[in-house]
Each structure stands twice: as structure tokens, then as C-alpha cells.
Amino acid sequence: MSAGFSTRAIHGATIPDVRQIPASVPIYQTATWGFETSEEYAAVLRGERQGHSYGRGYGNPTVEAFETVMSDLEGTQAAYAFSSGMSAIHAVCLVLAGAGDRIVTSRELYGGTYALFTEVLPGLGVTVEEVDPHDLEAVRAALPGAAMFYVETIANPLCTVADLGALAALCQEVGVPAAIDSTFASPWLCNPADLGYEFVLHSVTKYIGGHHDVVSGIVCCSAERRTQLRQVALGVGGAMQPFDAWLALRGVQTLEVRLERQCRTAMALSEFLVDQPAVAAVHYVGLPAHPHHEHASKLFRPGFFGGMFSFELAGGVDAAASWCEALSTGWIGASLGGTHTLVTHPASTTHRQVAPAERAAHGLTDGLIRVSPGLENAEDLLDDFAAATKRVFG
Ligand SMILES: Cc1ncc(COP(=O)(O)O)c(C=O)c1O
């Protein structure tokens, strides 16, 4: 007797024997997998047999395909992917630090990371010490006994670039594992693992995804560290999901052509802004006058300095807020590194409630605007920036 309708509907599909390689890695959108025997299932769980079991980070072919590309592009043995950049950063912290430990971090940080370090980790008994990453003596003094050193390749919000090679060497001297958030640089601009960073992190949400349609993160590292990160993800959740991996795989294929254009546009816009009387400062390491231009030239792909820059408008909070609102091609919005040009003015948005003096201590002056050029034509963005400047300053 044939099985009932629902049984046939559930079990009737045959997985075709595909002979040709699909150009797009298939999305294995499944939370669970079937086994012939319990012994086989147990062997996969123990890692004695290759295979897939469950969707909370135990492994998924689409996610693993993305991890393979990323470890290859960063030049590391392995990679483990997460559901966001923050879950990736959090997992690295949990691998390296526990109650009673101290981590040393650059004080130039993305706000979300700053919140993790100052509001979440202390609750777990981890002490966080901030240092100026440009003061190598201060870093050297802080490192002994630390559980981790943490820095960003191109740092928020002033798009500074520290001497990353010297910092990694200091960590190696005293045996402190170094982790770097390379989101702003992406693996196209530089590979921090070559300098000695044990953990290279990315918010995949940004340049790697590239289209403002996926939130994900990844850590590129050794195979041994990957096992530790996976263990954290199995325990606390936060592993990457298959559809996100598919979007990230699609995004990363065009990373080079996108970022090349974004670097050129960032340079063109920075050069335009430098000449504007209403602009007090432009923070872009691509400008030869920038104090970090020389060592950024050695760290990055020759002739390229990243897509991100910030600048300071004269005229205080209101003028800067009005300038952002006067843009039409550029949008006011969170995130960066994607198709659309996005600007943020921390003093009137994310840091509105923070006292001006405290804001300034973190480089967030009243007129500071961060720009992430998208993939629009540079001429249109130059016109947009010129029109906004004219509208606010006449
Ligand atoms: C430099 C940097 N690191 C990490 C993150 C966090 O990434 P996600 O938003 O994917 O969690 C961000 C987000 O803006 C970021 O800019």
C-alpha cells in the first residue's frame, strides 16, 4: 500500500545526482540532516566522521563554502562564520578571556565593540584596558599578562591606521594573542595574519557582503582556533545561517571591483573636501599629508587606501546635520561598505545624548561626518557634495 499524502510529500523528493558544478553554491537551507544509523550520527558529532548534523553552527555546506573562500583570501588555515560581526567579536573574547582576565584594546573602536568591552565583558569579570594604539610604549607597558590585544585595521571614527606590524610584534614578544577587526580594510586591502594577528575579524555586513542585504561576521584563524570558536558558537549560538552565507558568497566575488572603485571615489571626494573653506579637516590616509599615509602605503595594496573617510565641517552640530540632510545621492544611514553612499553624523544621531566633551575625547567632534562612498558614479557624488556644501554655507 502506498504511503499517505503527507508522508509522500515529505519524503518523496529525490536529490538529483548533479554532475556539473553550479556557478552559484547551492543554499543548503536545512536545520537538520538524516543519518542511516545512530552510530553514524554520534561519529559526526564527535568529529570522527565528516558530515552535517544540526544548523546551530555544527556545519553547513553553504556556510563552509564561504569560510573556505574567506580563509583563502585572508591567508589563514581556517575560518568560522557568525550571524553578525558582533557575535564574531564576542566569540573571540570568550575564547581568550574569562573572569579575572584583562584585555588590552585600542581606544579607537567601533561603538558596538566599545559597548561590548565596557558594558558586557566587565559583567563576566573581564577587565578592559584602553590604550592609544599610536603610542607603542604605552602598548608595550600594558601588554604583559593580558589575555588579548585588540585593534582595528582602519579605526573608527577618524579612519586612522596604526603601525599594525609593530603592534603585532609587541604582542608576539610577550605572547599575547592579537585580534584585529579588519572590516574597513577587507582582505582585498591587506592581510593582517601575515603581520602576526592570530584572529582576523570582519563584519561581513560591510564590504564583503557589499549590498546592504546581509548581516554576518567571520573570524579567520588557525584550525585549532576555529575549533574553539565553533565550541563557543555551539554553546551560545550566533553561527552564520545558509542564506546569509549564500549572500556573502555572492558579495565576495565582486569585492575587488567594488572596493577598487570605492577607494578611488573616497580619494576624489577627500580631495574635493580638502579644498572647501567650510571643511576644517579631512581624515583619509590616502591624502599624502595625512600623518599615517606613509605606513598605510606599506600596509595596504599599492596605491589604495580604503573606502572609508571622515571629515570635520565648521559651524557646529547644526551645520553638519544640515549638510547631511542636504545630500540627495548620499543617504544618512547606519552601516558602510555597500552599494549606497552612506553618511553618519554621530553628534546629531548615535551620540546625541553624549556630552560634547566626552564625544570629543573619542574623536567625535560636533562637525565630524563619516562617509562610506558607495558604487554610484563619482561625478554624481562630487556634484551632490558640492551642492550640499553650497546649500549650507552659500
Ligand atoms: C568596524 C566594525 N566592526 C564590527 C561591526 C559589527 O558588525 P555587525 O553589525 O555585522 O554586527 C561594525 C558594524 O558597524 C563595524 O563597523
Side-chain angles (χ1 to χ4, degrees), residues 63 66 70 74 79-94 105-121 133 150-162 164 179-187 189-190 192 197 199-220 229 232-233 236-241 243-245 247-248 251-252 259 262 266 283 285 306-310 331-338 340 342-346 349-351 362-364 368-374:
V63 176
F66 176 59
M70 285 303 298
E74 277 297 7
Y80 191 80
F82 290 87
S83 62
S84 69
M86 286 317 302
S87 53
I89 300 168
H90 173 237
V92 170
C93 293
L94 289 193
T105 176
S106 161
R107 69 176 184 211
E108 296 173 349
L109 283 181
Y110 162 60
T113 310
Y114 183 74
L116 169 69
F117 287 179
T118 55
E119 291 163 27
V120 180
L121 293 188
Y150 190 93
V151 69
E152 293 178 357
T153 310
I154 301 174
N156 261 297
L158 299 183
C159 300
T160 54
V161 177
L164 301 174
I180 188 160
D181 180 338
S182 214
T183 298
F184 278 26
S186 94
L189 211 56
C190 73
Y197 288 87
F199 297 86
V200 180
L201 303 98
H202 294 279
S203 164
V204 172
T205 318
K206 312 297 171 0
Y207 285 105
I208 296 164
H211 295 74
H212 309 296
D213 54 12
V214 59
V215 173
S216 296
I218 197 157
V219 184
C220 301
L229 290 165
V232 169
V236 304
M240 186 184 232
Q241 295 303 304
F243 184 57
D244 293 347
L247 288 168
V252 77
L259 192 50
Q262 283 161 315
H283 306 287
V285 286
M308 297 297 297
F309 69 94
S310 52
W331 284 7
I332 298 170
S335 202
L336 60 106
H340 293 49
L342 296 174
V343 300
T344 50
H345 175 228
T349 56
T350 49
H351 291 69
H362 284 91
L364 304 166
L368 186 81
I369 295 171
R370 192 187 74 178
V371 184
S372 169

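In this text the structure is predicted, and so the values were computed from the model without any measurement. As the structure lists them, so they are numbered: ligands from 1, and atoms in each ligand from 1.
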Look up atom OH in Y150 and atom CD1 in I89, then write down how far apart they are to the nearest 0.5 Å. 3.5 Å

Applying side-chain hydrogen bond (donor to acceptor under 3.5 Å, both in side chains), name anything that partners E152, two or more places apart in sequence or on another chain. none

Residues that D244 engages under side-chain hydrogen bond (donor to acceptor under 3.5 Å, both in side chains), provided they are two or more places apart: none

Looking at T183 and H202, would you say the former's side chain and the latter's main chain have a donor-acceptor pair under 3.5 Å? no

Just by distance, do the side chain of S83 and the backbone of G238 share a donor-acceptor pair under 3.5 Å? yes

Sort and list the pairs that fulfil salt bridge (charged side-chain N to carboxylate O under 4.0 Å, His left out) and have at least one residue in residues 206-218, not counting sequence neighbours. D213-R250

Exactly which residues line ligand 1, taking a heavy atom under 4.0 Å from it as the test? S84, G85, M86, I89, Y110, N156, D181, T183, F184, S203, T205, K206, S216, L336

